[in-house]
Amino acid sequence: MEKTNRSSVAPEKAFEPHTVHTEFSPFVWATLTDCWKCTCQMVLWEASNGHSGAQYSSAPPLNVKREVGLKRYENHPDVHQAINIWIKQSGAKVAKARIELRSSQAKGESYSAFVCPSCSALMGQQFISRINTEHGSVISAPCSEQVGRYEIIFKS
């Protein structure tokens, strides 16, 4: 676990701080980490559904799930779109992890898991959930019609 924390960094520290704000945007927190098997650097994320037009003074606290099921919100098309926009707009030269249905020996069942985009190694959710929260940052948040198009500042 300590190795995972040492190899993880918040995107805002690795690249310029950049948050995607669109009407469809969910809240997305991301971390950059290395694959335990091939050391490919990838982006992993946690997401929650924001409400378009709602007024937010800050992002909700990051709450990484220790357990996930067969489906997960992190695999929603809006979440993928927000991450793809962030990668393009931020200029981040980083691969996006994939989410696939995988069987975990440790868990004894299948779940929607992050896998390395390079070697397809399973990135276990119980390890991801233990990455220190300071290694994550908000990369996507909904617009607020009340505040203005892109003027919300998020601080974790």
Side-chain angles (χ1 to χ4, degrees), residues 1-22 24-50 58-142 150 152-156:
M1 185 66 247
E2 190 57 37
K3 181 181 176 191
T4 303
N5 272 306
R6 279 195 312 271
S7 71
S8 298
V9 65
E12 67 184 16
K13 291 182 181 174
F15 307 104
E16 293 288 321
H18 182 80
T19 303
V20 172
H21 298 280
T22 64
F24 68 84
S25 281
F27 283 104
V28 179
W29 298 261
T31 187
L32 305 176
T33 195
D34 295 340
C35 174
W36 61 269
K37 188 173 182 181
C38 74
T39 69
C40 168
Q41 187 178 60
M42 71 189 90
V43 63
L44 302 174
W45 61 92
E46 185 71 26
S48 71
N49 193 2
S58 65
L62 174 59
N63 183 21
V64 181
K65 299 177 256 333
R66 274 189 71 90
E67 300 277 331
V68 293
L70 296 176
K71 293 185 177 186
R72 60 190 300 172
Y73 183 65
E74 287 75 20
N75 207 21
H76 191 279
D78 287 349
V79 175
H80 282 283
Q81 185 175 1
I83 296 165
N84 293 340
I85 292 170
W86 176 82
I87 288 171
K88 183 177 180 179
Q89 288 182 357
S90 70
K93 303 289 187 219
V94 64
K96 184 173 83 170
R98 294 190 318 266
I99 297 177
E100 297 178 359
L101 191 59
R102 288 293 184 92
S103 179
S104 168
Q105 291 177 341
K107 194 172 176 186
E109 59 186 36
S110 295
Y111 69 100
S112 288
F114 283 108
V115 298
C116 176
S118 180
C119 73
S120 296
L122 174 70
M123 305 299 290
Q125 189 66 28
Q126 61 182 282
F127 293 105
I128 293 170
S129 70
R130 294 184 192 153
I131 295 174
N132 295 338
T133 56
E134 70 259 13
H135 297 298
S137 59
V138 175
I139 64 167
S140 174
Y150 302 110
I152 305 173
I153 298 173
F154 291 90
K155 296 181 180 173
S156 301

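What's counted below: heavy atoms across the whole structure, side chains too, no hydrogens, waters or symmetry copies.
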Can you tell me how far apart [atom1] ([X]) and [atom2] ([Y]) are? Round to the nearest 0.5 Å.
X	Y	atom1	atom2	value
Leu32	Ser137	CG	OG	7.5 Å
Thr31	Ile128	OG1	CD1	9.5 Å
Asp78	Tyr73	CG	OH	6.0 Å

Considering all heavy atoms of both residues, which atom of [X] and which atom of [Y] are nearest to each other, and what is their separation?
X	Y	result
Cys35	Met123	CA-CE, 4.1 Å
Thr33	Leu44	CG2-CD1, 3.4 Å
Val115	Met42	O-SD, 4.4 Å

> For Glu74, what residues pass the salt bridge (Lys or Arg N to Asp or Glu O under 4.0 Å) criterion, not counting sequence neighbours?
Replying inline: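 Listed in chain order: Lys65, Arg72.
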>> My understanding is that only residues two or more places apart in sequence, or in another chain, count here; which of them pass side chain to side chain donor-acceptor pair (under 3.5 Å) with Arg98?
In response: Glu100, Ser120
> Which residues satisfy the side chain to side chain donor-acceptor pair (under 3.5 Å) test with His80, sequence neighbours excluded?
Replying inline: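 Residues passing side chain to side chain donor-acceptor pair (under 3.5 Å) with His80: Asn75, Lys96.
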What I'd like to find out is whether the side chain of [X] reaches to under 4.5 Å of the side chain of [Y], using heavy atoms alone.
X	Y	answer
Pro117	Cys40	yes
Trp36	Cys116	no
Phe114	Val68	no

> With sequence neighbours left out, which residue pairs that include part of residues 92-111 fulfil the ring pair (Phe, Tyr, Trp, His ring centres under 6.0 Å) condition?
Replying inline: none
>> Given 3.5 Å as the limit, does a donor-acceptor pair link the side chain of Ser140 with the main chain of Pro26, or not?
In response: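 Yes, because the side chain of Ser140 sits within donor-acceptor range (under 3.5 Å) of the backbone of Pro26.
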Pairwise salt bridge (Lys or Arg N to Asp or Glu O under 4.0 Å) hits with a residue in [range], at least two apart:
range	result
residues 110-122	none
residues 109-124	Lys107-Glu109
residues 111-124	none

> Where do Phe127 and Leu122 land on the side-chain contact (heavy atoms from CB on, under 4.5 Å) test, with the steps shown first?
Replying inline: CA-CA 11 Å; Phe127 293 105; Leu122 174 70; over 6 Å; no
> Residues two or more places apart in sequence or in another chain: which of them pass side-chain contact (heavy atoms from CB on, under 4.5 Å) with Ser103?
Replying inline: Ser110
> With Lys71, which residues qualify under side-chain contact (heavy atoms from CB on, under 4.5 Å), at least two apart?
Replying inline: none
